[in-house]
Number of protein chains: 2
Amino acid sequence: MALTRQQQKEKTKTLLVSAGLEIFAKNGIQSTKTLDIAKKVGVSHGTVFVHFPTKKDLLIEIIDGFGRSISEEFKKLSADAHNLRKILKIHLKVIEKHENFYARLLIENALLPGEVRGTLINLQTGIAYFINSAARNEMKAGDIQTMPSHLLFNTWMGLISYYLLNKDIFAGEKSVIKTKGNEILNHFLKLIKL
Amino acid sequence: MALTRQQQKEKTKTLLVSAGLEIFAKNGIQSTKTLDIAKKVGVSHGTVFVHFPTKKDLLIEIIDGFGRSISEEFKKLSADAHNLRKILKIHLKVIEKHENFYARLLIENALLPGEVRGTLINLQTGIAYFINSAARNEMKAGDIQTMPSHLLFNTWMGLISYYLLNKDIFAGEKSVIKTKGNEILNHFLKLIKL
DNA sequence: GAACTCAGTGAGTGGGGACTTAGCCAAAAT
DNA sequence: ATTTTGGCTAAGTCCCCACTCACTGAGTTC
């Protein structure tokens with residue numbers, strides 16, 4: 001059966017977004033051309049601009065969607081996790097699942113349009129909240145050292161970002177999180193332990 | 001008095017390199033055009049290509065020079081510093097002095113031509129050596145926790161990189177290292193203390 | 001001082017890639 | 001059944017920017 005116009009339109013738009021997500025993860029965000037995305041979907045180049053007035057708008061839609069979905073996933077998984085180790089483990093798991101795109105985002109973030117940069121910040125802010133509340137509980141309980149929670153969070157994010165940004169050095173073609181995630185996690189926990 | 005041809009040539013080349021360094025630090029590496037650099041020096045656009053066959057070659061010269069000079073500076077200053085705190089302090093001082101360019105390099109590193117990426121790696125490897133030997137000494141002496149030195153180094157680099165990459169968030173227009181350097185240093189030392 | 005060399009010029013050239021547009025055809029409206 | 005609408009197409013257009021080249025004029029060589 002033939003699709004209605006609206007269905008067709010939405011389908012194409014979705015295909016463009018998911019093709020973009022995939023190509024961005026593999027080849028980089030900036031260096032991906034609108035034509036590449038059109039080709040992958042199997043539509044003409046012009047079609048991209050039927051759905052998105054500019055490349056930037058496409059970018060925003062893709063990255064925002066990614067941010068929303070990853071944030072949701074994290075919240076769902078960590079709903080019943082209350083100790084820090086578990087939450088950090090979930091954090092790693094979620095990142096690992098989307099490692100390629102996430103790493104791309106970290107790499108290119110500072111060069112992306114301002115509208116998009118907010119996405120990564122929001123994402124991290126959301127995650128910081130969970131990590132910090134768990135951390136404060138364990139500080140009170142005397143399980144870990146007392147320290148300002150922003151420093152604890154920045155140390156954790158710094159470590160993870162550093163490994164992701166240099167993932168080719170640390171893990172070649174493989175997943176850094178899969179390869180080094182446990183080592184990083186145990187090291188971090190040992191550092192902050194009392 | 002008039003310069004000889006050779007002097008003139010060298011002078012222009014040097015001017016191109018230092019103008020590049022300056023503009024890169026302010027406006028970014030990728031987004032700087034060869035014409036921008038020519039304008040800054042006050043020569044014609046074509047002159048750039050008299051001295052460098054391609055933009056990439058200019059890039060390599062600029063970034064390599066930066067890497068060499070910063071590495072030298074670090075080695076000179078840390079010649080008679082044997083404890084970890086002092087070495088890390090020197091590391092921060094050297095970065096602070098070149099913060100804008102250094103941050104640019106971190107931001108764009110992964111997107112730069114492979115020939116250039118080695119520079120940052122070499123730089124960090126050199127610095128890692130100093131930090132790791134000091135760290136091992138203090139571990140033996142029982143001043144800090146025992147841990148694999150690569151993890152100690154990566155934690156430190158992760159922290160610094162994280163602050164530099166997000167320097168606009170942490171410090172606005174100001175220097176992040178000047179603003180937050182001490183906080184970072186003290187936090188890090190407290191973490192690794194026994 | 002005549003012939004030659006070469007740093008520097010600036011108006012091109014070429015290629016890449018975002019965006020436009022006239023036209024097509026199938027779905028929707030009448 | 002006829003007209004209108006609108007998603008999609010394909011062949012542009014336009015702009016940007018790295019790089020070229022024929023030329024100039026000031027050093028250099030003899």
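Chain A is the first sequence line, chain B the second, and so forth, proteins listed ahead of strands; every chain is numbered from 1.
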Derivation and outcome, side-chain hydrogen bond (donor to acceptor under 3.5 Å, both in side chains), residues A/T4 and A/Q7: CA-CA 5 Å; A/T4 67; A/Q7 287 174 320; 3.3 Å; yes
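- Near DNA chain D, meaning a heavy atom under 4.0 Å away, the residues from residues 11-26 of chain A are A/T12.
- A straight line from CD of A/E10 to P of D/dC8 spans 11 Å, rounded to a whole angstrom.
- Between A/I63 and A/L112 the shortest side-chain heavy-atom distance falls below 4.5 Å.
- Of all the residues in residues 30-62 of chain A, A/V43, A/S44, A/G46, A/T47, A/V50, A/H51 reach under 4.0 Å from DNA chain D with at least one non-hydrogen atom.
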Candidate pair A/S175 and A/E96, rule side-chain hydrogen bond (donor to acceptor under 3.5 Å, both in side chains), full reasoning: CA-CA 7 Å; A/S175 157; A/E96 183 187 335; 4.5 Å; no
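- Closest of all the heavy-atom pairs between B/K167 and B/A103 is CD-CB, 4.0 Å.
- Side chains of B/R117 and A/N166: a donor-acceptor N/O pair is absent below 3.5 angstrom, by distance only.
- A donor and an acceptor atom never sit less than 3.5 Å apart when one is taken from the side chain of A/R5 and the other from the base of C/dA28.
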Bracket string, DNA chain C, 5' to 3' - pairs by Watson-Crick or G-U geometry under 3.5 Å, | interstrand: ||||||||||||||||||||||||||||||
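- Donor-acceptor pairing under 3.5 Å is lacking for the side chains of A/T125 and A/N122.
- Partners of B/T32 under the side-chain hydrogen bond (donor to acceptor under 3.5 Å, both in side chains) rule, at least two apart in sequence or in another chain, do not exist in this structure.
- Grouping the Ile, Leu, Val, Met, Phe, Trp and Tyr side chains by contacts below 4.5 angstrom, directly or via other members, places A/Y129 with A/L84.
- More than 12 heavy atoms of other residues, nucleotides or ligands sit less than 6.0 Å from atom NZ of A/K190.
- Across residues 110-120 of chain B, not one residue has a non-hydrogen atom less than 4.0 Å from an atom of DNA chain D.
- When the side-chain nitrogen and oxygen atoms of B/Q8 are compared with OP1 and OP2 of C/dG8, one or more of them lie within a distance under 4.0 Å.
- Note: A/H98 and A/F66 have perpendicular aromatic rings, judged against thresholds of 30 and 60 degrees for the angle between ring planes.
- Below 30°, between 30° and 60°, or above 60°: for A/F130 and A/F74 the angle between ring planes is above 60°, a perpendicular geometry.
- For the pair A/K13 and A/F52, the cation-pi test (distance below 6.0 Å, angle within 45°) is passed.
- A/Q8 is linked by a side-chain hydrogen bond (donor to acceptor under 3.5 Å, both in side chains) to A/T12, counting only residues two or more places apart in sequence or in another chain.
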